[in-house]
There are 2 protein chains.
Amino acid sequence: MSEPISRRALILQEAAHLFREKGYPGANLRELARRSGIQGGSIYHHFASKQEILFQLMDNTMSDMIERLSERLIDSQTPYEKLRTTVYFHIEYHVTGPDQTYITDDELRNLEPENYLRVVAKRDRYQKIIEEIMLAGKTEEGWRLAEPKLYTRALIKMCAGVATWFNPDGDMSITQVAEAYADLLCNGLLPR
Amino acid sequence: MSEPISRRALILQEAAHLFREKGYPGANLRELARRSGIQGGSIYHHFASKQEILFQLMDNTMSDMIERLSERLIDSQTPYEKLRTTVYFHIEYHVTGPDQTYITDDELRNLEPENYLRVVAKRDRYQKIIEEIMLAGKTEEGWRLAEPKLYTRALIKMCAGVATWFNPDGDMSITQVAEAYADLLCNGLLPR
DNA sequence: TTGTACCTAACAAACGTTAGGTTTGCTTCT
DNA sequence: AGAAGCAAACCTAACGTTTGTTAGGTACAA
């Protein structure tokens with residue numbers, strides 16, 4: 001079945017959780033090591049520095065998001081379908097991997113300049129994918145939007161925000177939330 | 001005109017800025033003192049601890065938000081007007097005081113249990129105000145929303161998110177952005 | 001003279017990081 | 001098969017620095 005998780009992967013996983021709990025500067029490597037089942041110093045056998053752990057975490061997540069969203073969009077034809085797919089994906093990805101996505105959305109300020117640029121570049125690529133959908137919707141289906149970039153950001157923020165309050169044991173499923181959010185974006189609050 | 005700012009207020013202001021820059025655990029009191037024009041230890045003449053600075057910051061901000069939003073809503077009559085007013089206010093408040101609002105939205109995890117509860121209580125009061133508007137819109141104007149709480153959160157997240165990218169020197173004013181966001185919430189993307 | 005506002009210097013603890021040693025499992029040679 | 005070699009994975013103990021916080025003092029205005 002699934003391979004046994006490598007220690008390196010385990011450290012990254014625990015780091016995501018710990019960084020979300022305490023923030024990057026508030027998390028310490030001894031605690032991270034403990035949760036990963038090794039001693040403090042042994043972290044450095046797998047990573048060169050604390051900073052590298054953060055960078056790998058964020059860089060991996062961004063790559064994964066771009067790849068997975070692109071895959072999903074292949075099956076969608078119209079801009080309308082693509083928009084709904086994107087809303088679904090973005091919410092689902094944030095809710096299922098809340099640690100990774102929280103770090104990636106929120107710890108940019110703690111990246112050293114070089115790492116910062118690389119992660120931001122990937123984030124911009126991801127945004128661009130959604131922006132293109134908005135643009136296509138405008139030209140092909142007459143969507144009512146002046147600034148595609150503006151609404152791209154609105155979509156990203158509101159969908160990412162779901163992860164901060166969503167409760168798997170609550171009375172709404174991810175799909176139901178995604179449906180509701182997609183409806184809001186498409187049709188708005190006012191009656192038609 | 002405006003009174004000379006008290007040292008205490010200055011420290012809070014600089015703390016908001018510093019905490020946003022580095023995160024609460026990443027910010028240190030000597031740097032905060034330096035920016036406030038005093039020596040490290042002197043912070044403790046004004047505050048009992050680093051934690052108290054964070055709490056005062058967040059608590060003040062939440063109180064201010066509740067008060068100011070309530071004031072603004074007095075002039076609005078219909079749920080429709082109230083919704084637009086809320087969108088305007090929430091965006092404007094986040095864009096004009098990005099340090100305070102960022103901390104308040106983001107540093108909950110670093111509050112000690114007692115402080116946490118008090119700030120969350122105020123945050124919930126703020127949310128409740130918006131939720132009531134959603135509910136009124138549904139019953140009085142037939143808005144299309146199943147879960148008012150759901151859309152309240154969507155509104156809050158997407159409007160707060162503006163502060164992360166808004167540029168006062170860019171080619172859109174706060175008002176223009178607010179207009180666009182309010183339109184999106186009311187009417188959605190699809191043509192009518 | 002009394003209290004507010006601040007400074008200086010130090011404390012103990014916690015931090016990221018490093019050096020050097022030990023264990024473990026695999027490969028290679030005889 | 002068994003010994004020898006080796007690199008990866010990990011441990012232990014320590015380093016220098018930074019951290020929040022405190023104690024005790026000074027300057028000054030009411």
Side-chain angles (χ1 to χ4, degrees), chain A residues 3-59 103 106-116 119, chain B residues 3-59 103 106-116 119:
Chain A
E3 291 185 35
I5 190 172
S6 73
R7 176 122 296 158
R8 188 191 148 90
L10 177 64
I11 294 174
L12 281 175
Q13 187 178 301
E14 295 294 335
H17 195 71
L18 190 61
F19 289 172
R20 178 154 83 124
E21 234 178 279
K22 316 250 183 129
Y24 174 73
N28 76 77
L29 295 184
R30 284 170 180 86
E31 170 84 11
L32 175 57
R34 206 183 51 74
R35 296 193 187 187
S36 308
I38 54 178
Q39 295 294 325
S42 305
I43 296 267
Y44 287 81
H45 181 70
H46 302 278
F47 298 93
S49 64
K50 186 183 182 185
Q51 169 76 197
E52 203 211 324
I53 299 178
L54 178 63
F55 172 67
Q56 290 294 336
L57 209 50
M58 296 177 70
D59 195 63
I103 306 308
D106 208 69
E107 292 286 8
L108 272 172
R109 63 182 164 192
N110 287 312
L111 286 175
E112 287 161 9
E114 194 188 345
N115 294 337
Y116 176 87
V119 173
Chain B
E3 291 185 35
I5 191 172
S6 74
R7 177 123 295 157
R8 187 191 149 91
L10 177 64
I11 294 174
L12 281 174
Q13 187 178 301
E14 294 294 335
H17 195 72
L18 189 60
F19 290 172
R20 177 154 83 124
E21 233 178 280
K22 315 252 181 125
Y24 175 73
N28 77 78
L29 295 184
R30 285 171 180 82
E31 170 84 11
L32 174 57
R34 206 183 49 74
R35 294 193 188 187
S36 307
I38 53 177
Q39 293 295 324
S42 306
I43 296 267
Y44 287 81
H45 181 70
H46 301 277
F47 298 93
S49 64
K50 185 184 183 185
Q51 169 76 195
E52 204 212 323
I53 299 177
L54 178 62
F55 171 67
Q56 289 295 337
L57 209 51
M58 295 177 71
D59 195 62
I103 305 307
D106 207 68
E107 293 285 9
L108 271 173
R109 62 184 165 191
N110 287 312
L111 285 176
E112 288 161 9
E114 192 187 347
N115 295 336
Y116 176 87
V119 173

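All of these numbers come straight from a predicted model, not from anything done at the bench.
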When rounded to whole Å, the CZ to P distance for the pair A:Phe47 and C:dT18 reads 16 Å

Sorted by position of nearest nucleotide on DNA chain C, 5' first, the leading residue of B:Arg7 and B:Arg30 is B:Arg7

From the candidates D:dT21, D:dC11, C:dG16, the one with an atom nearest any side-chain atom of A:Gln39 is D:dC11

Of D:dT22, C:dC6, D:dC11, the nucleotide closest to the side chain of A:Ile38 is D:dC11

Out of C:dC7, D:dT21, C:dC15, minimum distance to the side chain of B:Ser42 belongs to C:dC7

### Task
Assign A:Ala27 to base, sugar-phosphate, or nothing according to its heavy-atom contacts below 4.0 angstrom with the strands shown.
sugar-phosphate

In whole angstroms, the gap separating C1' of D:dT18 from NZ of B:Lys22 amounts to 12 Å

Considering only heavy side-chain atoms of B:Asn28, the closest of D:dT21, D:dT19, D:dA9 is D:dT19

Check your understanding: Taking it one step at a time, do A:Met58 and A:Glu107 satisfy side chain to side chain contact (heavy atoms under 4.5 Å, CB included)?
Key -> CA-CA 8 Å; A:Met58 296 177 70; A:Glu107 292 286 8; 4.2 Å; yes

Applying side chain to side chain contact (heavy atoms under 4.5 Å, CB included) to A:Asn28 and not counting sequence neighbours gives A:Arg30, A:Glu31

Between CD1 of B:Ile53 and C1' of D:dT21 the distance, given in whole Å, is 12 Å

Of the candidates D:dG20, C:dT17, D:dC11, the side chain of B:Lys50 sits closest to D:dG20

Taking C:dA5, D:dA9, C:dT17 as options, the one with an atom nearest any side-chain atom of A:His45 is D:dA9

So CG of B:Leu29 and CZ of B:Arg34: to nearest 0.5 Å the spacing works out to 13.5 Å

From CG of B:Leu54 across to P of D:dG20 the rounded distance in Å is 13 Å

Whole-Å distance, B:Arg34 CZ to C:dC7 P, equals 13 Å

Per nearest nucleotide of DNA chain C, the residue lying toward the 5' end, A:Gly41 or A:Gly26, is A:Gly26

Rounded to whole Å, NE2 of A:His46 lies from C1' of D:dA8 at a distance of 9 Å

Whichever of B:Leu29 and A:Gly37 has the more 5' nearest nucleotide on DNA chain D, that residue is A:Gly37

Between A:Phe55 and A:Glu114, does a side chain to side chain contact (heavy atoms under 4.5 Å, CB included) hold up when you go through it step by step?
-> CA-CA 10 Å; A:Phe55 172 67; A:Glu114 194 188 345; over 6 Å; no

Margin query: Using a strict threshold of under 4.0 Å (side-chain N to carboxylate O), is an ion pair present between B:Arg35 and B:Glu21?
Written below: yes

Between CG of B:Leu32 and C1' of D:dT18 the distance, given in whole Å, is 16 Å

Taken to the nearest whole Å, CD/A:Glu112 to P/C:dG16 is 14 Å

